[in-house]
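Below is one structure, written out as structure tokens; comments come after it.
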Protein chains: 2
Amino acid sequence: MTLNPDDSRPPYQQLAAALREAIDRGEYPPGAQIPSGSELSTKYGVARATVTSALRLLRADGMIVSRQGQGVFVKSDALEGGTKSKGSPEFIAITERLDELARLVSSLAERVAELELVMPAPVQQDAGPTNE
Amino acid sequence: MTLNPDDSRPPYQQLAAALREAIDRGEYPPGAQIPSGSELSTKYGVARATVTSALRLLRADGMIVSRQGQGVFVKSDALEGGTKSKGSPEFIAITERLDELARLVSSLAERVAELELVMPAPVQQDAGPTNE
DNA sequence: CTATATTTGTACGTATGTATC
DNA sequence: CGATACATACGTACAAATATA
């Protein structure tokens with residue numbers, strides 16, 4: 001499988017569309033693991049960075065989740081028909097912002113959890129008022 | 001200005017935090033143009049791709065807008081009013097909530113980063129459970 | 001209108017770090 | 001410990017859009 005050089009869209013968008021279609025087609029059913037970045041890179045004749053860019057779009061669509069050391073998996077509630085990939089530019093922009101924000105919040109939560117492990121326990125204030 | 005190698009955050013997140021702080025500090029006021037990718041690359045000693053990654057976070061925060069052939073500009077609510085208000089009231093409301101949330105998360109990220117600098121590094125437990 | 005420089009966007013190939021198996 | 005897989009980074013190159021001479 002190769003990308004179409006006549007397509008006006010850049011390769012990473014074409015690859016994203018191809019993967020979306022494959023998911024909708026059921027080639028990668030919900031919960032299944034998508035081929036690794038290296039495999040996709042070889043299969044479609046693009047660099048691994050291009051695969052990463054394409055997967056970022058799918059992640060923004062909420063169709064996949066990436067787990068370091070494991071792989072990339074199709075989300076269980078991935079919609080059929082590619083409804084999420086369409087919509088107004090504003091919708092896409094908001095979705096991407098939400099995705100980045102969600103990832104940032106996740107990493108923040110982990111960092112805070114680690115900090116709490118090494119933090120001395122908060123000193124109990126002497127019977128302070130609990131109102132807000 | 002150079003990045004801190006002791007910071008546990010990857011360079012692109014450090015750079016994003018530095019740029020966020022510079023914007024909040026008023027070094028790049030609303031509507032102003034941020035130094036070009038090449039300049040930031042030289043100034044902070046990172047690759048341009050790293051600058052791009054950092055700017056993607058700021059874009060996710062809603063702090064900047066990029067215009068190909070022109071540059072990257074600090075987003076100004078007043079400046080953006082003309083083009084951004086072309087959505088349904090629901091879209092505008094969601095965008096505003098997203099903006100506030102992004103700002104809150106950004107401030108949280110900076111506070112966590114400061115805490116991590118003062119805190120002792122978490123010890124790696126070599127006999128811990130590896131399952132989840 | 002054309003040519004050139006600037007800036008962002010995208011892509012490539014390679015390398016390293018880290019998590020998981 | 002070794003193999004696999006994603007995350008990140010580097011440096012280079014070209015395309016697209018814009019501004020300017």
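Just so we're on the same page: letters track the sequence lines, and every chain starts at 1.
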Legend entry - Rounded distance (Å) that lies between atom C1' of C:dT7 and atom CD1 of B:I64: 13 Å

Inset, instruction - Between protein and nucleotides 8-21 of chain D, map the contacts as a letter string: B base, S sugar-phosphate only, - none, heavy atoms under 4.0 Å, written 5' to 3'. - result: SSB-----BBBS--

Inset, instruction - Please report, rounded to the nearest Å, how far the C1' atom of C:dT10 is from the CG atom of A:D7. - result: 15 Å

Inset, instruction - Would you mind reading off the distance between A:R56 atom CZ and D:dA7 atom P, rounded to a whole angstrom? - result: 10 Å

Legend entry - Test side-chain contact (heavy atoms from CB on, under 4.5 Å) applied to A:S53 - qualifying residues, sequence neighbours left out: A:Y12, A:R56

Show me, pair by pair, the donor-acceptor contacts under 3.5 angstrom made by side chains of residues 13-22 of chain B, not counting sequence neighbours?
unit_1	atom_1	unit_2	atom_2	d
B:Q13	OE1	B:R9	NH1	2.8
B:Q14	OE1	B:N4	N	3.1
B:Q14	NE2	B:N4	O	3.2
B:Q14	NE2	B:R9	O	2.9
B:R20	NH1	B:D61	OD2	2.1
B:E21	OE2	B:R25	NH2	2.7

Legend entry - CD/A:Q33: more than 12 non-hydrogen atoms of other groups inside 6.0 Å: yes

Legend entry - B:E39 CD - C:dT6 P separation (whole Å): 11 Å

Legend entry - side-chain hydrogen bond (donor to acceptor under 3.5 Å, both in side chains) involving A:T52 - partner list, sequence neighbours excluded: none

Inset, instruction - Round to the nearest Å and state the distance from B:L40 atom CG to C:dG9 atom P. - result: 13 Å

Legend entry - Any donor-acceptor pair under 3.5 Å from B:T42 side chain to B:S38 backbone: yes

Legend entry - Residues that B:E39 engages under side-chain contact (heavy atoms from CB on, under 4.5 Å), provided they are two or more places apart: B:P35, B:S36

Legend entry - Value in whole Å for how far the P atom of D:dC6 lies from CG of A:L55: 8 Å

